[in-house]
Asker: 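Here it is, the structure in full.
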Amino acid sequence: MTQPKNALLGDQLVDKVRRKRRLESMTSPLPDHTRVMTVSNQKGGVGKTTTTVNLASGLARRGARVLVIDLDPQGNASTALGVEHDPTITSIYEVLLGEAKLGDTVQQTTDHENLMCVPSTINLAGAEIELVSLVAREQRLRKALAEFLSQSDEMYHYVFIDCPPSLGLLTVNAFVAAQEVLIPIQCEYYALEGLSQLLGNIELIEQHLNPQLHVSTILLTMHDSRTNLSNEVAEEVRGFFPTQTLTTMIPRSVRISEAPSHGETVHAYDGSSVGAIAYLEAAAEIAERSAAEYARLYPEGA
């Protein structure tokens with residue numbers, strides 16, 4: 001027998017209230033060392049930038065100091081975080097070319113006082129070609145970020161790097177600068193398409209340029225619990241990546257889709273929505289993993 005619509009809505013409301021209260025009662029631990037995470041998936045349309053800004057925003061709201069580096073020439077992360085990114089400003093483009101320090105480009109976001117952003121501009125579209133002739137072209141972002149973090153007055157608990165949906169020098173710079181890779185995977189047909197190539201590229205970077213790099217986190221996005229396909233894809237991903245896949249899944253949500261058009265994260269746009277709650281839960285889950293992840297990366301407390 002089909003459940004009446006009013007009863008279903010009532011159940012959903014009760015569930016939202018329960019989840020919000022649970023989050024409010026939790027304290028998220030802060031890492032002892034800056035966690036640098038590249039958010040990547042060569043397949044477009046998986047919610048890569050949406051995941052970057054909403055996880056960063058969620059962690060900031062849970063007490064962490066967070067920096068987002070927008071390495072995508074489209075600048076969507078910069079837009080969602082409300083920072084200026086017209087072609088005349090100093091951005092990540094100038095940092096990669098050695099014309100500016102990373103600290104010169106950091107902007108306070110409109111989203112939260114704990115959340116900062118290094119913007120991208122359309123100038124970045126030509127950086128792939130310009131970087132080719134430069135010395136240590138794969139190391140440009142890592143060196144700039146390391147210098148910035150060592151000189152920063154306040155510790156950043158998380159750095160999220162949003163890179164373009166392709167494997168070029170920009171994405172390679174992101175992989176070399178990070179310790180962790182976070183892969184958003186949508187719960188739809190062909191979800192795992194191209195994933196083996198991405199994992200192969202990450203392995204190559206690990207072997208030749210960055211031995212600390214590893215896939216630490218997989219987040220299932222665009223999940224629709226009403227469809228068999230979504231549930232089957234989620235089960236398949238968990239079968240392949242049992243330890244990396246977060247328990248939290250991000251649902252299909254109108255509010256998540258609408259937020260970028262308003263230049264906001266889903267938390268700023270509608271913090272009480274199911275999508276905002278899901279991203280807060282994912283952020284809390286990532287924070288809970290911090291202690292174990294730190295011990296794995298720095299076994300001697302380095």
Asker: Please determine whether the number of non-hydrogen atoms from other residues, nucleotides or ligands lying under 6.0 Å from atom CD of E235 exceeds 12.
Answerer: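 Not more than 12 within 6.0 Å, no.
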Asker: Quick one: CZ on R62 to OG1 on T27, what's the gap to the nearest 0.5 Å?
Answerer: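 Nearest 0.5 Å value for the CZ-OG1 distance: 7.5 Å.
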Asker: Minimum heavy-atom separation for P184 and S40, please, with both atom names.
Answerer: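 In this case the closest contact between P184 and S40 is CD-O, 3.6 Å.
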Asker: Spell out, as yes or no, whether a donor-acceptor pair under 3.5 Å connects the side chain of T171 to the backbone of S166.
Answerer: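 Checked: pair present.
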Asker: Are I205 and N201 close enough that some pair of their side-chain heavy atoms sits under 4.5 Å apart?
Answerer: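 Counting from C-beta outward, I205 and N201 never come under 4.5 Å.
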Asker: Distance check, rounded to the nearest 0.5 Å: L55 atom CG versus T217 atom OG1?
Answerer: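 The CG atom of L55 sits 9.0 Å away from the OG1 atom of T217.
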Asker: Counting distance only, does the side-chain N/O of Q108 pair as donor-acceptor with the main-chain N or O of L115 below 3.5 Å?
Answerer: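 Looks like yes, one N/O pair under 3.5 Å.
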Asker: At their closest point, which heavy atom of A77 faces which heavy atom of V68, and how far apart are they?
Answerer: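 Heavy atoms of A77 and V68 come nearest at CB-CG1, 4.5 Å.
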Asker: Measuring from atom CZ of R226 to atom CG of N231, what distance do you get when rounded to the nearest 0.5 angstrom?
Answerer: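 Taking CZ in R226 and CG in N231, the distance rounds to 11.5 Å.
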Asker: Is the side chain of S150 donor-acceptor paired with the backbone N or O of A146 at a distance under 3.5 Å, no angle test?
Answerer: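 Here the side-chain-to-backbone pair exists.
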Asker: With rounding to the nearest 0.5 Å, note down the distance linking CZ in R65 to NE2 in H112.
Answerer: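 Answer for the CZ-NE2 pair, R65 versus H112, is 11.5 Å.
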Asker: Testing E258, R255, E264 for side-chain hydrogen bond (donor to acceptor under 3.5 Å, both in side chains) with Y269, which one passes?
Answerer: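 It is E258, the one option of E258, R255, E264 that forms the side-chain hydrogen bond (donor to acceptor under 3.5 Å, both in side chains) with Y269.
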Asker: Do D162 and T49 have side-chain atoms, one donor and one acceptor, less than 3.5 Å apart?
Answerer: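 Checked: D162/T49 side chains pair up, N/O donor to acceptor below 3.5 Å.
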Asker: Check whether any side-chain heavy atom of E130 sits under 4.5 Å from a side-chain heavy atom of L97, and report yes or no.
Answerer: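 Result yes, sub-4.5 Å side-chain heavy-atom pair found.
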Asker: Shared ILVMFWY cluster between V132 and Y93, side chains joined below 4.5 angstrom?
Answerer: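 Per the 4.5 Å side-chain linkage, V132 and Y93 are co-clustered.
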Asker: If we ignore hydrogens and angles and just use 3.5 Å, is the side chain of E128 paired with the main-chain N or O of L169 as donor and acceptor?
Answerer: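 Judged by distance alone, yes, a pair lies under 3.5 Å.
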Asker: Is T38 reaching over with its side chain to a backbone N or O of I161, donor-acceptor style, under 3.5 angstrom?
Answerer: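 Looks like no, no N/O pair under 3.5 Å.
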Asker: For a 4.5 angstrom cut-off between non-hydrogen side-chain atoms, does I286 reach R35?
Answerer: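 They are in contact (side-chain heavy atoms under 4.5 Å apart), so the answer is yes.
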Asker: Please check: side-chain N/O of S91 versus main-chain N/O of P87, any donor-acceptor pairing under 3.5 Å?
Answerer: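 Flag not set: sc S91 to bb P87 has no pair under 3.5 Å.
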Asker: Evaluate side-chain hydrogen bond (donor to acceptor under 3.5 Å, both in side chains) for D270 paired with S272, printing each intermediate quantity in order.
Answerer: CA-CA 5 Å; D270 186 354; S272 64; 3.0 Å; yes
Asker: Please tell me if the side chains of L246 and R289 come closer than 4.5 Å, counting only heavy atoms from C-beta onward.
Answerer: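 Contact flag for L246/R289 side chains = yes.
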Asker: Quick check: does any side chain N or O of N173 sit under 3.5 Å from a backbone N or O of L141, one acting as donor and the other as acceptor?
Answerer: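 Flag set: sc N173 to bb L141 pair under 3.5 Å.
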Asker: Is M155 linked to V118 within one hydrophobic cluster, defined over Ile, Leu, Val, Met, Phe, Trp and Tyr using a side-chain heavy-atom separation of less than 4.5 Å?
Answerer: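 No, no single cluster joins them.
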Asker: Are L209 and V181 connected in the hydrophobic side-chain network, where two residues link if heavy atoms are under 4.5 Å apart?
Answerer: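 The answer is yes; both residues are in one hydrophobic cluster.
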Asker: Give a yes or no on whether V159 and L102 share a hydrophobic cluster (residues Ile, Leu, Val, Met, Phe, Trp, Tyr; joining criterion: side-chain heavy atoms under 4.5 Å apart).
Answerer: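 Looking at the clustering, L102 is in the same group as V159.
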Asker: Checking side chain to side chain contact (heavy atoms under 4.5 Å, CB included) for the pair S78/V83: CA distance, chi angles, key distance, verdict?
Answerer: CA-CA 5 Å; S78 303; V83 299; 3.7 Å; yes
Asker: Hey, are the side chains of E180 and H214 touching, using non-hydrogen atoms and a 4.5 Å cut-off?
Answerer: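 Counting from C-beta outward, E180 and H214 do come under 4.5 Å.
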Asker: Any idea which heavy atoms bring A276 and G271 closest together, and the distance?
Answerer: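 Distance-wise, the nearest heavy atoms are CB-O, 3.6 Å.
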Asker: Treating Ile, Leu, Val, Met, Phe, Trp and Tyr as nodes and any side-chain heavy-atom pair under 4.5 angstrom as an edge, say whether F240 and M249 lie in one connected cluster.
Answerer: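 The answer is yes; both residues are in one hydrophobic cluster.
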Asker: Show the numbers, then the answer: is there a side chain to side chain contact (heavy atoms under 4.5 Å, CB included) between F160 and V66?
Answerer: CA-CA 8 Å; F160 285 91; V66 187; 3.8 Å; yes
Asker: Let me see the working for H208 and E138 under side chain to side chain contact (heavy atoms under 4.5 Å, CB included), right down to the final yes or no.
Answerer: CA-CA 11 Å; H208 299 288; E138 303 94 349; over 6 Å; no
Asker: Are the side chain of R22 and the backbone N or O of E281 linked by a donor-acceptor pair below 3.5 Å?
Answerer: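 Checking the backbone N and O of E281 against the side chain of R22, no donor-acceptor pair under 3.5 Å is found.
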Asker: Do D111 and T265 have side-chain N/O donor and acceptor atoms under 3.5 Å apart?
Answerer: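 Short answer, yes.
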Asker: To the nearest 0.5 Å, how far apart are CG in L220 and CD1 in I183?
Answerer: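 CD1 of I183 is found 11.5 Å from CG of L220.
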Asker: May I ask you to test the T221-I256 pair for a side-chain heavy-atom distance under 4.5 Å?
Answerer: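 They are not in contact (no side-chain heavy atoms under 4.5 Å apart), so the answer is no.
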Asker: I'd like to know if the side chain of T34 reaches the main chain of Y156, judged simply by a donor and an acceptor atom lying under 3.5 Å from each other, with no hydrogens or angles considered.
Answerer: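 Indeed, once roles are kept as given, a pair shorter than 3.5 Å links the two residues.
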Asker: Is there a side-chain hydrogen bond (donor to acceptor under 3.5 Å, both in side chains) between T79 and H85 once you walk through the steps?
Answerer: CA-CA 8 Å; T79 300; H85 61 107; 2.9 Å; yes
Asker: Any idea which heavy atoms bring S57 and H267 closest together, and the distance?
Answerer: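 Between these two residues, the closest heavy atoms are OG-CD2, 3.2 Å.
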Asker: Evaluate D70 against I92 for side chain to side chain contact (heavy atoms under 4.5 Å, CB included), listing each step before the verdict.
Answerer: CA-CA 7 Å; D70 190 353; I92 192 63; 5.9 Å; no
Asker: Looking at every non-hydrogen atom in both residues, tell me the closest pair between M37 and L182 and how far apart they are.
Answerer: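 That would be CE-CD1, 3.9 Å.
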Asker: Between R21 and E24, is the closest basic N to carboxylate O distance under 4.0 Å?
Answerer: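 Result for this pair is no, no salt bridge flagged.
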Asker: Between the side chains of T51 and Y279, is a donor N or O closer than 3.5 angstrom to an acceptor N or O?
Answerer: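 There is such a pair (donor and acceptor under 3.5 Å, judged by atom type) between the side chains of T51 and Y279.
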Asker: Using side-chain heavy atoms (C-beta onward) and a distance below 4.5 Å, is F241 in contact with V215?
Answerer: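 Contact flag for F241/V215 side chains = no.
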Asker: Over all heavy atoms of both residues, which pair between L59 and A287 is shortest? Give the atoms and the distance, please.
Answerer: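 Taking every non-hydrogen atom into account, CD2-CB, 4.1 Å.
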Asker: With no hydrogens and no angle check, is any side-chain donor or acceptor of R238 less than 3.5 Å from a backbone partner on T247?
Answerer: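 A pair under 3.5 Å: yes.
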Asker: Could you check R142, K101, R140 and say which one makes a salt bridge (charged side-chain N to carboxylate O under 4.0 Å, His left out) with E147?
Answerer: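 Of R142, K101, R140, salt bridge (charged side-chain N to carboxylate O under 4.0 Å, His left out) with E147 is met by K101 alone.
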Asker: Drop me the distance from L131's CG to R137's CZ, to the nearest 0.5 angstrom.
Answerer: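 L131 CG to R137 CZ: 9.0 Å, rounded to 0.5 Å.
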Asker: Just so I know, are the side chains of L145 and I69 near enough to count as touching, which here means a heavy-atom distance under 4.5 Å?
Answerer: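 Counting from C-beta outward, L145 and I69 do come under 4.5 Å.
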